[in-house]
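Written out below as structure tokens is the structure these notes cover.
Every value quoted in this text rests on a predicted model; they were computed, and no experiment measured them.
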Amino acid sequence: QVQLVESGGGLVQPGGSLRLSCAASGGTFNRYAMGWFRQAPGKEREFVASIVWSTSRTYYADSVKARFTISRDKAKNTAYLQMNSLKPEDTAVYYCAAGSTALPNPEIYEYDYWGQGTQVTVSS
């Protein structure tokens with residue numbers, strides 16, 4: 001059974017940075033894509049970024065492009081989301097997800113496994 005555990009969330013001032021981690025276990029991820037999604041209060045869950053485990057091919061939502069970077073460490077079975085130039089509108093619970101797909105899909109239904117989420121709050 002695939003398990004995903006996020007960490008690294010917290011409170012940061014506007015313009016600051018955070019790095020989220022997603023530790024994956026219970027599976028072989030060479031045929032997976034890993035995605036980061038977020039959900040703000042009262043809003044639907046939305047795509048942030050994704051990466052294909054085997055090729056490192058990435059895809060980003062327009063709202064985070066050039067500010068966020070997704071990466072993965074095969075040896076540690078861990079995916080990361082480096083978030084720079086954070087804005088108050090980035091405040092949300094961030095979720096890591098894994099899906100058996102060869103493309104860095106942005107669609108929620110492509111992902112079968114989800115972590116519990118980590119809170120990111122951007123506020124002065």
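Shortest non-hydrogen contact noted between Y111 and P104 is OH-C, 4.2 Å. Taking all atoms of both residues into account, the shortest heavy-atom contact from Q119 to A92 is NE2-O, 3.5 Å. Contact record, T91 with V122: OG1-N, 2.9 Å, taken as the closest heavy-atom pair. Heavy-atom minimum distance, R67 versus L86: NH1-CA, 3.9 Å. What you find for S17 and N84 is that their closest heavy atoms are OG-OD1, 2.9 Å. Between I108 and R45 the shortest heavy-atom distance is CD1-O, 3.5 Å.
Going from atom OG1 of T78 over to atom CZ of R72 covers 11.5 Å, rounded to the nearest 0.5 Å. From F47, atom CZ reaches atom CH2 of W36 across 12.5 Å, with rounding to the nearest 0.5 Å. In this structure, R57 CZ and S50 OG are separated by 9.0 Å, a value rounded to the nearest 0.5 Å. We find the OH-CG distance between Y59 and N105 to be 9.5 Å, quoted to the nearest 0.5 Å. One distance of note links CD of Q3 with OG of S25; it measures 5.0 Å at 0.5 Å rounding. Here OG1 of T69 is found 14.0 Å from OH of Y80. Values are rounded to the nearest 0.5 Å.
Ring geometry for Y32 versus Y113: interplanar angle of 30 to 60°, hence tilted. Note on ring orientation: taking the six-membered ring where Trp is involved, the planes of Y94 and F68 are tilted (angle from 30° to 60°). Between W114 and Y95, the ring-plane angle classifies as perpendicular under the 30° and 60° cut-offs.
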Self-check item: Evaluation steps, salt bridge (charged side-chain N to carboxylate O under 4.0 Å, His left out), between D90 and K87
Solution: CA-CA 5 Å; D90 295 317; K87 305 176 182 179; over 6 Å; no
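By the neighbour-count criterion of 12 heavy atoms within 6.0 Å, atom NZ of K74 is densely surrounded, having more than that number from other residues, nucleotides or ligands. Applying the 6.0 Å contact sphere to CD of Q39 captures more than 12 heavy atoms from other residues, nucleotides or ligands. Heavy-atom neighbours of E44 CD from other residues, nucleotides or ligands within 6.0 Å: at or below the threshold of 12.
Side-chain contact check for L11 versus S123: some heavy-atom pair is nearer than 4.5 Å. Looking only at side-chain heavy atoms (C-beta outward), M83 and L20 come within less than 4.5 Å of each other.
The backbone N or O of N30 sits nowhere less than 3.5 Å from a side-chain atom of T28 that would complete a donor-acceptor pair. A donor-acceptor pair under 3.5 Å is formed between the side chain of E6 and the backbone N or O of C96.
Residues V64 and F37 do not share a hydrophobic cluster, defined by chaining ILVMFWY side chains whose heavy atoms lie under 4.5 Å apart. A continuous path of Ile, Leu, Val, Met, Phe, Trp and Tyr side chains, each step under 4.5 Å between heavy atoms, connects W53 with V48, placing both in one hydrophobic cluster.
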